[in-house]
Participant: 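Okay, handing you the structure first.
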Amino acid sequence: MKIKSEKACYSDELQRIALRFNAEYFVWGEELIDKKLIIYPKKLKEITVYEAIQDHLEPCGLVIIHTRKQKFLHCVSATVDVTNGNVYLPEAGFNSAWKLLKRSICKGIKIVNESGSSPIEQPEEIVVFAYLQRTGSIPVIVDDTIKYKEKKLTQEERYRNSRKQSLLDNSRMLYFYGQNGRYFHDKDCVDVKEIAPEEFEASAEIPDKEICPKCQRRIYLRKAFYPNTKQMGLCDKILRDQGVSLRKIEHCVMDVGMKFHATSLEAMLVEGVEDKRIIKGLDNKFPKLWHNNYVKTGPEERYITEGFHNQKTENKSFSQLLTYIENYSFEKHLKSERQAADLAEKENIVLIEPEVGEEKTIQEEQKISNILQGLLHKLRTIFRI
């Protein structure tokens, strides 16, 4: 007796279902006997080959037949590679569909065997678990769902796994990658789990590879907050709330070498190349910048003291304050003072400097700062700086 094709019998019913299903392509179980059903854990974008195949992928409906129900046909959301017909299905989707899907695949095997030879003998032969591998366990099908069975490791495998975990636990290591991989990653990147232990490497310095596009923000943040990585989430929220672009973060951290610290959403400490500053009033459009106090011990010498003083910056956004911090140096500050002093001498204005080792009070510093600001404004006007 010739076995009837489900596709031939139920194509009219699929047409009705397809009107309410958001996909252009539909795949019948009986058609999968010469294809692969590739199972992935959570997100398809997280599998290693995604970038190479993404242009060939399309949403599809995997047709499921249950003849004992009144509504005997429904579709499960999946993704099909239109170049070869392989279907990508999340693990949860497989567990819900396999019991019925394998019946359709069995029917496809029998249909082909009536006139030739099927490429497979059992439905399980089309299932690919390559992206479900875990350290110490392997995926298997038990009672039509995926279970994980403990894997007996060789001594060499145990050593490699232990080495990989040791590198991940090493707080000095910031960048993680596979020897033959294209990218380097943050330790928490989803792709790190997929790097084989025998290829796994870690480095405190940026390796000669491309930065992973999935985790680049976290890479910058971990470097900026190191070793206080527990502050990453809080600081990340501040940077997002302040509208600081990823490119700006990259420049400040990787090129300039800034460090960030925060214990609340109200202020962030920024370490520049030379000095420290606190950006306060983060709930305002234009936050305030406070500079660490210091005492001049000579014409071009100083030492840092406790506390901070208001930098008196006006109408600058958070990102603009980062640029201000980047462009500051004590040498530039001294140069500005010398220019102001030269101009003051020409204008017959006497600037009183404290004795060496004498710390300025906030009032004295503010008075001198006001005079310097006025002179610098005049200097810029004259020389069009």
Participant: Are any of the side-chain nitrogens in Arg160 or Glu157 under 4.0 Å away from the carboxylate oxygens of its partner?
Facilitator: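 No, this pair does not count.
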
Participant: Any side-chain donor paired with an acceptor under 3.5 Å for Glu30 and Ser5?
Facilitator: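 Ser5 and Glu30 do have a side-chain donor-acceptor pair below 3.5 Å.
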
Participant: For the residue pair Leu89 and Ala78, what are the closest heavy atoms and their distance?
Facilitator: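 It is CD1-CB, 3.9 Å.
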
Participant: Using a 3.5 Å distance criterion without hydrogens, assess whether the side chain of Gln231 forms a donor-acceptor pair with backbone atoms of Ala262.
Facilitator: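 Here the side-chain-to-backbone pair exists.
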
Participant: Does a salt bridge link Glu266 with Lys280, judged by any charged N lying under 4.0 Å from a carboxylate O?
Facilitator: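 Looking at Glu266 and Lys280, the cut-off is not met.
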
Participant: Just wondering, more than 12 heavy atoms not from Glu24 lying within 6.0 Å of its CD?
Facilitator: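 Check fails, neighbour count at 12 or below.
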
Participant: Does a salt bridge link Arg218 with Asp186, judged by any charged N lying under 4.0 Å from a carboxylate O?
Facilitator: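 Counted as a salt bridge, because a side-chain N and a carboxylate O are separated by less than 4.0 Å.
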
Participant: Are Gln165 and Asn161 linked by a side-chain donor-acceptor pair shorter than 3.5 Å?
Facilitator: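 Note: Gln165 and Asn161 side chains miss the donor-acceptor criterion.
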
Participant: For residues Tyr131 and Pro41, report the shortest heavy-atom separation together with the two atoms involved.
Facilitator: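 The answer is O-CG, 3.3 Å.
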
Participant: Centres of the Tyr10 and Phe72 rings: under 6.0 Å?
Facilitator: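 Yes, they do, as the ring centres are separated by less than 6.0 Å.
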
Participant: Can you name the closest pair of heavy atoms from Phe260 and Met258 and give their distance?
Facilitator: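 Smallest heavy-atom distance, with atoms named: CE2-CB, 4.1 Å.
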
Participant: Quick one: does Lys316's side chain have a donor or acceptor within less than 3.5 Å of a partner on Tyr324's backbone?
Facilitator: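 Pair absent, no side-chain N/O of Lys316 close to backbone of Tyr324.
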
Participant: Does this structure show an ion pair linking Glu51 with Arg182, if we count only N-O contacts that are shorter than 4.0 Å?
Facilitator: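 Salt bridge present between Glu51 and Arg182.
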
Participant: Is the shortest side-chain N to carboxylate O distance from Glu201 to Arg163 below 4.0 Å?
Facilitator: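 Between Arg163 and Glu201 there is a salt bridge, with a charged N closer than 4.0 Å to a carboxylate O.
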
Participant: Under 3.5 Å, is there a donor-acceptor pair between the Asp81 and Asn86 side chains?
Facilitator: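 Per modelled atom types, Asp81 and Asn86 side chains form no pair under 3.5 Å.
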
Participant: Keeping the roles fixed (side chain from Asn170, backbone from Arg172), state whether a donor-acceptor pair exists under 3.5 Å.
Facilitator: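 Indeed, once roles are kept as given, a pair shorter than 3.5 Å links the two residues.
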
Participant: Side chains of Asp143 and Thr145: any donor to acceptor distance under 3.5 Å?
Facilitator: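 Note: Thr145 and Asp143 side chains miss the donor-acceptor criterion.
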
Participant: Which pair of non-hydrogen atoms, one from His185 and one from Ile219, has the smallest distance, and what is that distance?
Facilitator: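 Looking at all heavy atoms of both residues, the shortest contact is C-CD1, 3.8 Å.
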
Participant: Can you tell me if Glu6 and Ser104 form a side-chain donor-acceptor pair at under 3.5 Å?
Facilitator: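 Yes - a donor-acceptor pair under 3.5 Å links their side chains.
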
Participant: Is any side-chain heavy atom of Val127 closer than 4.5 Å to a side-chain heavy atom of Ile39?
Facilitator: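 Counting from C-beta outward, Val127 and Ile39 do come under 4.5 Å.
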
Participant: Does any donor atom in the side chain of Glu199 or Asn180 lie under 3.5 Å from an acceptor atom in the other side chain?
Facilitator: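 Per modelled atom types, Glu199 and Asn180 side chains form a pair under 3.5 Å.
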
Participant: Would you check if the side chain of Ser203 reaches a backbone N or O of Ile206 as a donor-acceptor pair within less than 3.5 Å?
Facilitator: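 Judged by distance alone, no pair lies under 3.5 Å.
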
Participant: Between Arg16 and Asp12, is there a side-chain N and carboxylate O pair less than 4.0 Å apart?
Facilitator: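 Judged by the 4.0 Å cut-off on N to carboxylate O distance, Arg16 and Asp12 do not form a salt bridge.
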
Participant: Check whether Asn292 reaches the backbone of Lys276 with its side chain - one donor and one acceptor, N or O, closer than 3.5 Å.
Facilitator: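 It does hold such a pair.
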
